[in-house]
Amino acid sequence: MRPSPAPHARSASPAADIRLLNERLAACMVRDRRQLRATLRHAEQLARSGRPADRLLRNLAVRIERSAQRLQQRQSALPRPTYPQELPVVAEKQAIARAIAEHQVVIVCGETGSGKTTQLPKICLELGRGAAGLIGHTQPRRIAARSVAMRIAQELASPLGQAVGYKVRFDERLSDNTHIKLMTDGILLAETQQDRLLEQYDTLIIDEAHERSLNIDFLLGYIKQLLPRRPDLKVIITSATIDPQRFSRHFNDAPIITVSGRVYPVEVRYRPVVCTDPDEEDLEMGQAILRAVDELAREGPGDTLIFLSGEREIRQTAELLRRHRPAVAEILPLYARLSADEQMKVFQPHERPRIVLATNVAETSLTVPGIRYVIDPGFARISRYSPRTRVHRLPIERISQASADQRKGRCGRVANGICIRLYSEEDFASRPRYTDPEILRTHLASVILQMKALGLGDIQDFPFIDPPDYRAIRDGFATLHELGAIDDRNELTSLGRELARLPIDPRIGRMVLEAAQEDVMREVLIIASALSVQDPRLRPTDRPELADAAHAQFRDNSSDFLSFVKLWDWYHQQALRLSGNKLRRLCRDNFLSYVLMREWHDIHHQLLELVGEMGLDKPRPRRP
């Protein structure tokens, strides 16, 4: 592409120069176009009013050429992808590419294991996307964003952080040369506050949209409103075979490309747990898991993935398996709170058979390699908020049919798979088809607050795929009224605008704002950040007395909240004198989660920076 000459000073026709520059805008980086277009309009107004615009036009021509050259450089540096022919999505590559080229929004629907997560960004690269802006690729969880970025970078033979990078909470690997950016959907949502038109991207892939988390639903509504203002933006929504028509209707009947099947068939076996005493059900479930492991061991070599409802269940099952099959298989946990290094162990090559114990972090968006067998007890912890009692709970519930099918799809990647369900076929048939979207079971105060801050209008009018219940909306508004975040007309107050900048529950954020008035910011930041993570104090069911004795040193008889302050001070005093490994060992000896202590520290650091930026760390006059 040959650069056009910059307009000469006092050219015969400023209008011709303006027209020429306007044509060149399409060859610029997406993030530059709007500002360049605004400057060009200003120059046009000057020329029409007879005022000199030559100098402005010359400067503008230089900026346009600089942006166009940057785009050319990125186009010439685009990786040339190759595709694993065994993946089902590759057979539909031409149809997918044609749909992306012809439509602004495309829905790609395929079973778990079809390869859509790793191959779609490469198809976009082949279409020339990722040059004028980034290919933004969202994942529901941090571990998935990191692992998918590593896999795509490996397939493109590029070091991680160059052609392919990622950004997750407190961690990123990106560069000026990045074309594909993996991130959590929460990161993309946060970026809308600074980049309202998402102009750093020329393509967005919203992966695993069937999970219907609050962030995903919010993004889908935001993008629907954004599309008319960004006609150049391409959007790809991926979903497992879970009601893709709902996404298509949301985006004005966007085309659906269906990717058939997985690589190998999966046999489903039902082995229901029979227990007459509810208090003994967890013990019987443990024995049922051991029986299923033994049954699968007789089927031949292969790794096993067992789904469990929480970390406590993972620890208990790991102990059972170690006693039952010592040294036969390597037992690895997999859940969101593990450090990145510990999570990555499941992706490393190995010789011994593996049994991976996972929460539903492994249900979608994350492919654990080498899995031939799956054991599914049929339960998960599902967050629910009751507007009537105003209590947020995390009960263990039966999973939906769709979630069960997702779990089944985790095997059958390397050979014919077997999925053992520890419930009956009749039980499966009686389960709900889909899991309720999170927006229908969550507290809406923070959603309403963010929508107000982003200027997205009323929650009742926002284009959610499934609008929330009016009672939940009313409860959200009531909470914000109590906090002083909105006024009688439901408009944001100055306090509400400050509250919206804090990435925590509004009720906890309100504590932080009040701390500035009461001059107790240090203590409240410690408490607020502690309440934003899971309690780091561990209390194993088999050693509760030892845990209580270890935690006694942190107890404050006047306040449970001040116990957090004592624990914080103790931990940071130890951190000053101990190495990382010794500090980790000390936490374990005192029944503390080192990972959660680090997460608590990170959230505290983030809040500390925010209150500094907002001036909350300085003495403030009391509110009337």
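Note that these values count all heavy atoms, side chains included, but never hydrogens, waters or copies made by symmetry.
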Visitor: Looking only at side-chain N and O atoms, does Glu599 offer a donor or acceptor that is under 3.5 Å from a partner on Gln534?
Guide: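 No donor-acceptor contact under 3.5 Å links the two side chains.
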Visitor: Looking at side-chain heavy atoms only, is the closest gap between Leu226 and Val235 below 4.5 Å?
Guide: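 Not touching, per the 4.5 Å side-chain cut-off.
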Visitor: Can you tell me how far the CG atom of Leu188 sits from the NZ atom of Lys181, to the nearest 0.5 Å?
Guide: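 If we round to the nearest 0.5 Å, Leu188:CG and Lys181:NZ are 7.5 Å apart.
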Visitor: Passes side chain to side chain donor-acceptor pair (under 3.5 Å), Tyr166 versus Asp171? Steps please.
Guide: CA-CA 8 Å; Tyr166 67 83; Asp171 186 21; 2.9 Å; yes
Visitor: Do Pro536 and Tyr594 come within less than 4.5 Å of each other through their side chains, counting heavy atoms only?
Guide: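 A side-chain contact is absent here, since even the closest heavy-atom pair is not under 4.5 Å.
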Visitor: When you measure from the side chain of His604 to the backbone of Ala528, do you find a donor-acceptor pair of N or O atoms at a distance under 3.5 Å?
Guide: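 Not confirmed, His604 side chain does not pair with Ala528 backbone.
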Visitor: Going from CG on Leu233 to CG on Leu197, what distance comes out if it is rounded to the nearest 0.5 angstrom?
Guide: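 Leu233 atom CG to Leu197 atom CG measures 10.0 Å (nearest 0.5 Å).
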Visitor: Inspect the contact between Arg24 and Glu65 and indicate whether a charged nitrogen and a carboxylate oxygen are less than 4.0 angstrom apart.
Guide: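 Yes, this pair counts.
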Visitor: Without swapping roles, check the side chain of His179 against the backbone of Gly130 for a donor-acceptor pair under 3.5 Å.
Guide: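 Between the backbone of Gly130 and the side chain of His179 there is a qualifying donor-acceptor contact (under 3.5 Å).
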Visitor: Can you list everything that forms a salt bridge (Lys or Arg N to Asp or Glu O under 4.0 Å) with Lys167? Sequence neighbours excluded, please.
Guide: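 With neighbours one apart ignored, the set is Glu191.
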Visitor: Cut-off 3.5 Å, no hydrogens considered: what does the side-chain donor-acceptor table look like for residues 247-254, sequence neighbours left out?
Guide:
{"from": "Ser248", "atom 1": "OG", "to": "Ala254", "atom 2": "N", "distance (Å)": "3.3"}
{"from": "Ser248", "atom 1": "OG", "to": "Ala254", "atom 2": "O", "distance (Å)": "2.6"}
{"from": "His250", "atom 1": "NE2", "to": "Leu220", "atom 2": "O", "distance (Å)": "3.3"}

Visitor: Just wondering, do Leu125 and Ile135 contact through their side chains at under 4.5 Å, heavy atoms?
Guide: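 Sidechains of Leu125 and Ile135: in contact.
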Visitor: If the condition is ring pair (Phe, Tyr, Trp, His ring centres under 6.0 Å), which residues does Phe462 pass it with, not counting sequence neighbours?
Guide: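 For Phe462 the ring pair (Phe, Tyr, Trp, His ring centres under 6.0 Å) partners, ignoring immediate neighbours, are Phe218, Phe464.
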Visitor: Tell me every residue that passes ring pair (Phe, Tyr, Trp, His ring centres under 6.0 Å) with His572, counting only those two or more places apart in sequence or in another chain.
Guide: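 With neighbours one apart ignored, the set is Trp568, His601.
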Visitor: Are Pro255 and Ile107 packed together at the side-chain level, in the sense that at least one heavy-atom pair is separated by less than 4.5 angstrom?
Guide: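 The answer is no; the side chains never approach within 4.5 Å.
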Visitor: Which distance, rounded to the nearest 0.5 Å, do you find between the CD1 of Ile206 and the CD1 of Ile237?
Guide: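 Output value for this atom pair is 5.5 Å.
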Visitor: Quick one: do Arg196 and Tyr222 satisfy side chain to side chain contact (heavy atoms under 4.5 Å, CB included)? Show the steps, please.
Guide: CA-CA 10 Å; Arg196 297 297 296 273; Tyr222 188 91; 3.7 Å; yes
Visitor: Tell me if a side-chain donor or acceptor on Arg129 pairs with a main-chain N or O of Asp202 at a distance below 3.5 Å.
Guide: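 Side chain of Arg129 to backbone of Asp202, a donor-acceptor pair under 3.5 Å: yes, one is there.
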Visitor: Taking atom types as modelled, is there a side-chain donor on Glu208 or His210 under 3.5 Å from an acceptor on the other?
Guide: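 Distance-only check passes for Glu208 and His210.
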Visitor: Main chain of Pro140, side chain of Thr184: is a donor-acceptor contact present, judged purely on distance under 3.5 Å?
Guide: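 Looks like no, no N/O pair under 3.5 Å.
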Visitor: Before giving the answer on salt bridge (charged side-chain N to carboxylate O under 4.0 Å, His left out), spell out for Arg19 and Asp17 the whole-Å C-alpha distance, their side-chain angles and the decisive distance to 0.1 Å.
Guide: CA-CA 5 Å; Arg19 187 167 56 253; Asp17 291 338; over 6 Å; no
Visitor: Verify side chain to side chain donor-acceptor pair (under 3.5 Å) between Arg51 and Gln45, making sure each step is shown before the conclusion.
Guide: CA-CA 9 Å; Arg51 288 178 288 175; Gln45 290 170 355; over 6 Å; no
Visitor: For the pair Thr178 (side chain) and Val164 (backbone), establish whether a donor and an acceptor sit closer than 3.5 Å, ignoring hydrogens and angles.
Guide: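 A pair under 3.5 Å: no.
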Visitor: Which residues pass the side-chain contact (heavy atoms from CB on, under 4.5 Å) test with Asn59, not counting sequence neighbours?
Guide: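 Listed in chain order: Arg55.
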Visitor: With sequence neighbours left out, what residues match Ser593 under side-chain contact (heavy atoms from CB on, under 4.5 Å)?
Guide: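 If we apply the side-chain contact (heavy atoms from CB on, under 4.5 Å) test to Ser593, skipping adjacent residues, the hits are Arg337, Leu538, Val595, Leu596.
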Visitor: Could you walk me through whether Ile257 and Val106 pass the side chain to side chain contact (heavy atoms under 4.5 Å, CB included) check?
Guide: CA-CA 8 Å; Ile257 303 292; Val106 176; 4.1 Å; yes
Visitor: Could you tell me whether the side chain of Arg354 and the main chain of Val346 form a donor-acceptor pair under 3.5 Å?
Guide: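 Between the backbone of Val346 and the side chain of Arg354 there is a qualifying donor-acceptor contact (under 3.5 Å).
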Visitor: Would you confirm whether Lys224, through its side chain, and Pro463, through its main-chain N or O, come within 3.5 Å as a donor-acceptor pair?
Guide: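 No, the answer is negative, given that no donor and acceptor are paired below the 3.5 Å cut-off.
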Visitor: If you define the side chain from C-beta out and look only at heavy atoms, does anything of Pro52 sit under 4.5 Å from Asp54?
Guide: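 A side-chain contact is absent here, since even the closest heavy-atom pair is not under 4.5 Å.
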Visitor: Is Arg37 reaching over with its side chain to a backbone N or O of Leu25, donor-acceptor style, under 3.5 angstrom?
Guide: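 Side chain of Arg37 to backbone of Leu25: no pair is present.
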Visitor: Just verifying a value: how many Å separate Ile143 CD1 and Glu342 CD, rounded to the nearest 0.5 Å?
Guide: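 So the CD1 of Ile143 and the CD of Glu342 are separated by 11.0 Å.
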Visitor: Could you tell me which residues satisfy side-chain contact (heavy atoms from CB on, under 4.5 Å) with Thr238, sequence neighbours excluded, listed by chain and number?
Guide: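 Only Lys116, Leu120, Ile205, Asp207, Ile236 meet the side-chain contact (heavy atoms from CB on, under 4.5 Å) criterion with Thr238.
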Visitor: Is the closest side-chain heavy-atom distance between Ile465 and Arg246 below 4.5 Å?
Guide: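 With C-beta onward as the side chain, the pair touches.
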Visitor: Lys122: which residues meet the salt bridge (Lys or Arg N to Asp or Glu O under 4.0 Å) condition with it, sequence neighbours left out?
Guide: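 Scan of Lys122 (salt bridge (Lys or Arg N to Asp or Glu O under 4.0 Å), adjacent residues dropped) gives Glu155.
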Visitor: Are any side-chain N or O atoms of Gln200 and backbone N or O atoms of Asp195, one a donor and one an acceptor, separated by less than 3.5 Å?
Guide: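 Here the side-chain-to-backbone pair does not exist.
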Visitor: For a side-chain hydrogen bond (donor to acceptor under 3.5 Å, both in side chains) with Tyr83, tell me which candidate from Lys93, Gln119, Glu126 qualifies.
Guide: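 Per the side-chain hydrogen bond (donor to acceptor under 3.5 Å, both in side chains) rule, the option paired with Tyr83 is Glu126, out of Lys93, Gln119, Glu126.
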Visitor: If you measure from CD1 on Ile64 to CG on Leu40, what distance do you get to the nearest 0.5 Å?
Guide: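 If I round to the nearest 0.5 Å, the distance is 6.0 Å.
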Visitor: I'd like to check the salt bridge (Lys or Arg N to Asp or Glu O under 4.0 Å) partners of Arg598; sequence neighbours left out, ordered by chain and number.
Guide: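 Not a single residue meets the salt bridge (Lys or Arg N to Asp or Glu O under 4.0 Å) criterion with Arg598.
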Visitor: Judged by atom type as modelled, is there a donor-acceptor pair below 3.5 Å linking the side chain of Arg212 to the main-chain atoms of Asp217?
Guide: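 Checking the backbone N and O of Asp217 against the side chain of Arg212, no donor-acceptor pair under 3.5 Å is found.
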Visitor: Tell me every residue that passes side-chain contact (heavy atoms from CB on, under 4.5 Å) with Leu71, counting only those two or more places apart in sequence or in another chain.
Guide: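 Only Met29, Gln75, Ala131, Ala132 meet the side-chain contact (heavy atoms from CB on, under 4.5 Å) criterion with Leu71.
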Visitor: Could I get the full list of side chain to side chain donor-acceptor pair (under 3.5 Å) partners for Gln225, not counting sequence neighbours?
Guide: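 Gln225: no side chain to side chain donor-acceptor pair (under 3.5 Å) contacts found.
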Visitor: I'd like to know whether Gln69 forms a side chain to side chain contact (heavy atoms under 4.5 Å, CB included) with Gln72, so could you lay out the CA-CA distance, the side-chain angles of the two residues, the decisive distance to 0.1 Å, and finally the verdict.
Guide: CA-CA 5 Å; Gln69 287 170 11; Gln72 286 180 309; 4.2 Å; yes
Visitor: Give a yes or no on whether Gln348 atom CD has more than 12 heavy-atom contacts from other residues, nucleotides or ligands under 6.0 Å away.
Guide: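 Yes, because the 6.0 Å sphere around CD of Gln348 holds more than 12 heavy atoms from other groups.
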Visitor: Take Arg229 and Arg34 through the side chain to side chain contact (heavy atoms under 4.5 Å, CB included) test and state the conclusion after the steps.
Guide: CA-CA 11 Å; Arg229 303 176 65 187; Arg34 185 159 56 99; over 6 Å; no
Visitor: Determine the sole option in Arg48, Arg41, His42 for which the side-chain hydrogen bond (donor to acceptor under 3.5 Å, both in side chains) test with Glu44 is passed.
Guide: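 It is Arg48, the one option of Arg48, Arg41, His42 that forms the side-chain hydrogen bond (donor to acceptor under 3.5 Å, both in side chains) with Glu44.
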Visitor: If we ignore angles and hydrogens, is there a donor and acceptor under 3.5 Å between the side chains of Arg142 and Gln343?
Guide: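 Side-chain D/A pair, Arg142 to Gln343: absent.
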Visitor: Atom OG1 of Thr118 and atom CD1 of Ile180: how far apart are they, to the nearest 0.5 Å?
Guide: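 Here the interatomic distance stands at 10.5 Å.
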Visitor: Sequence neighbours left out, what passes salt bridge (Lys or Arg N to Asp or Glu O under 4.0 Å) with Asp185? Give chain and number order.
Guide: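 Asp185: no salt bridge (Lys or Arg N to Asp or Glu O under 4.0 Å) contacts found.
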